[in-house]
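Quick notes on the structure that follows.
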Protein chains: 2
Amino acid sequence: MRVRDQAKAMLQAMISDGSLASDERLDEVGLSHRMGISRTPLREALIALEGEGFVRSVPHKGFSVTTANEEMVRELFPIIGALEAQALRMSGEAVIASAPVLSALNNRLANAKNKAKSHEIDRAIHHGFVEHCGNPRLLKLLETQCALARRFDGAAARGIANPAGACAQHAKIIAAIEASDLARAGELLLLHWREGEITVINWLKKNT
Amino acid sequence: MRVRDQAKAMLQAMISDGSLASDERLDEVGLSHRMGISRTPLREALIALEGEGFVRSVPHKGFSVTTANEEMVRELFPIIGALEAQALRMSGEAVIASAPVLSALNNRLANAKNKAKSHEIDRAIHHGFVEHCGNPRLLKLLETQCALARRFDGAAARGIANPAGACAQHAKIIAAIEASDLARAGELLLLHWREGEITVINWLKKNT
DNA sequence: TATTTGCATATTGTATACAATATGCAATAC
DNA sequence: GTATTGCATATTGTATACAATATGCAAATA
């Protein structure tokens, strides 16, 4: 594996989990020394991450972490909703056949012990919605946007008063899938992300 | 402007207009010499373009232009459709107010003299559909995907038997916008891209 | 003759050196 | 005292040098 790929993965993880905070400046020489690599692969990793929205750069001033704030949620969540809904609509019989699996996952989500487990199962459900779409490019795009959204997992976990809400929405979506009405399921999925957007924003407003 | 930004723009243009063909290998030293720059900014530009889908890279084998084929159309057009439809739905009163402008553009499209002008006006119309969405991130994503789709402009231009078809679809979309029914307009826009997908694929099948 | 191994070469990946630009502070002019 | 200019420093941007890996050919062996 190339050094730049490792660096990219490491930086992305550090941004997702908050080790590198919003707006934090990324000094190239300092960072490369701390990571035990040279500036070249680090810069290449940062350029790749810039395209995905994790960092920004301004000429002759360098890289910094993008800002995870309400504005980002307002922009990001509708994108994810639209892409997931489209993937679901494109999925055909394969998703319909997997409805029981999704239903089972949703039950596990309802009884999840901790927040980490909840997020894991939630991701599995949403992955199940889209994995059969037969559009790798769409899935990759979605994956990138979801990775960005993961920066708000903390807010989402604390923000959900009753996780039952999300489960209920999932159940409706799965019911539409079982009924072979993927158009309806897509609409509900879009709504689900709209709800998530509101939830996260409310949490952000209270806790800043 | 940084050398790497110029290089990125130049390479992107060369791929869009076919100066760099599908699957063409991109020799770093040769290309950098021809462009009068060093390998460093060239590589940085290529890495940025890889994230946008214009080139791919395999470790220790280098960069090459991605393949503009039927598979790409099947993947790309539904993505664009979903994103444009979402942007349109998010646009609110601003698009509705701009309906007359869109209508006028569509009339100009109907009477466009040459293919280049047609594409220019078509892009203006689609830009008009989304520009008021208030979601810069969505617009940027859309712009990138549309830049990729531009690689098929040649196919699209030759493939459209009667440009009246596209105009008619536009007219329906604009009518829905005028009626303040953005949900319906979004659906129609999705269909419009589905039609475009079919048209381009048919052309590709005949001409390869 | 077919296959495999080893080397020569070419190309990418990484490190470092150099150039250009931005930033902050101090000195000077008003 | 304030503002401005100039320089010293730090940091990014680019070029180049070096290292690692892949590729192709030739020679040797079965």
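Sequence lines set the chain letters: A, B, ... in the order given, protein chains first and strands last, and positions in each chain run from 1.
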Run the salt-bridge test on A/Glu50 and B/Arg4 with the 4.0 Å N-O cut-off and return the result as yes or no. yes

Quick check on contacts: within residues 30-49 of chain B, what sits under 4.0 Å from DNA chain D by heavy-atom distance? B/Ile37, B/Ser38, B/Arg39, B/Thr40, B/Pro41

Qualifying residues under side chain to side chain donor-acceptor pair (under 3.5 Å), relative to B/Gln6, sequence neighbours excluded: none

Sorted by chain and residue number, the side chain to side chain contact (heavy atoms under 4.5 Å, CB included) partners of B/Glu24 (sequence neighbours excluded) come out as B/Leu20, B/Ala21, B/Val65

Flag for B/Arg43-A/Thr40: side-chain donor and acceptor within less than 3.5 Å: no

So the contacted stretch of DNA chain D, first to last nucleotide with an atom under 4.0 Å from a non-hydrogen atom of chain A, runs from D/dT11 to D/dT14

Side-chain donor/acceptor pairs under 3.5 Å, residues 83-92 of chain B, sequence neighbours excluded:
{"from": "B/Glu84", "atom 1": "OE1", "to": "B/His126", "atom 2": "ND1", "distance (Å)": "2.9"}
{"from": "B/Glu84", "atom 1": "OE1", "to": "B/Trp193", "atom 2": "NE1", "distance (Å)": "2.9"}
{"from": "B/Glu84", "atom 1": "OE2", "to": "B/His126", "atom 2": "ND1", "distance (Å)": "3.4"}
{"from": "B/Gln86", "atom 1": "OE1", "to": "B/Arg89", "atom 2": "NE", "distance (Å)": "3.3"}
{"from": "B/Gln86", "atom 1": "OE1", "to": "B/Arg89", "atom 2": "NH2", "distance (Å)": "2.8"}
{"from": "B/Gln86", "atom 1": "NE2", "to": "A/Pro78", "atom 2": "O", "distance (Å)": "3.0"}
{"from": "B/Ser91", "atom 1": "OG", "to": "B/Ala87", "atom 2": "O", "distance (Å)": "2.7"}
{"from": "B/Ser91", "atom 1": "OG", "to": "B/Leu88", "atom 2": "O", "distance (Å)": "3.4"}

Presence of salt bridge, A/Glu52 and A/Lys8, under 4.0 angstrom: yes

Of all residues at least two apart in sequence or in a different chain, which pass the side chain to side chain contact (heavy atoms under 4.5 Å, CB included) check with B/Glu187? B/Arg184

If the condition is side chain to side chain contact (heavy atoms under 4.5 Å, CB included), which residues does B/Asn114 pass it with, not counting sequence neighbours? B/Ala116, B/Lys117

Side chain to side chain donor-acceptor pair (under 3.5 Å) partners of B/Arg39, counting only residues at least two apart: B/Glu28

Sidechain N-carboxylate O distance under 4.0 Å for B/Glu197, B/Arg194: yes

Members of residues 19-28 of chain A that approach DNA chain D, where some heavy atom sits under 4.0 Å away: A/Arg25, A/Leu26, A/Asp27, A/Glu28

Let's see if you get this right: which residues in residues 59-66 of chain A place a heavy atom under 4.0 Å from DNA chain D? A/Pro59, A/His60, A/Lys61, A/Gly62

Residues forming a side chain to side chain donor-acceptor pair (under 3.5 Å) with A/Thr67, sequence neighbours excluded: A/Asp23, A/Arg56

List the atom pairs, with distances to 0.1 Å, where a side-chain N or O of residues 98-106 of chain A and a protein N or O form a donor-acceptor pair under 3.5 Å, not counting sequence neighbours.
{"from": "A/Ser98", "atom 1": "OG", "to": "A/Val95", "atom 2": "O", "distance (Å)": "2.8"}
{"from": "A/Asn106", "atom 1": "OD1", "to": "A/His170", "atom 2": "ND1", "distance (Å)": "3.1"}
{"from": "A/Asn106", "atom 1": "ND2", "to": "A/Cys167", "atom 2": "O", "distance (Å)": "3.0"}

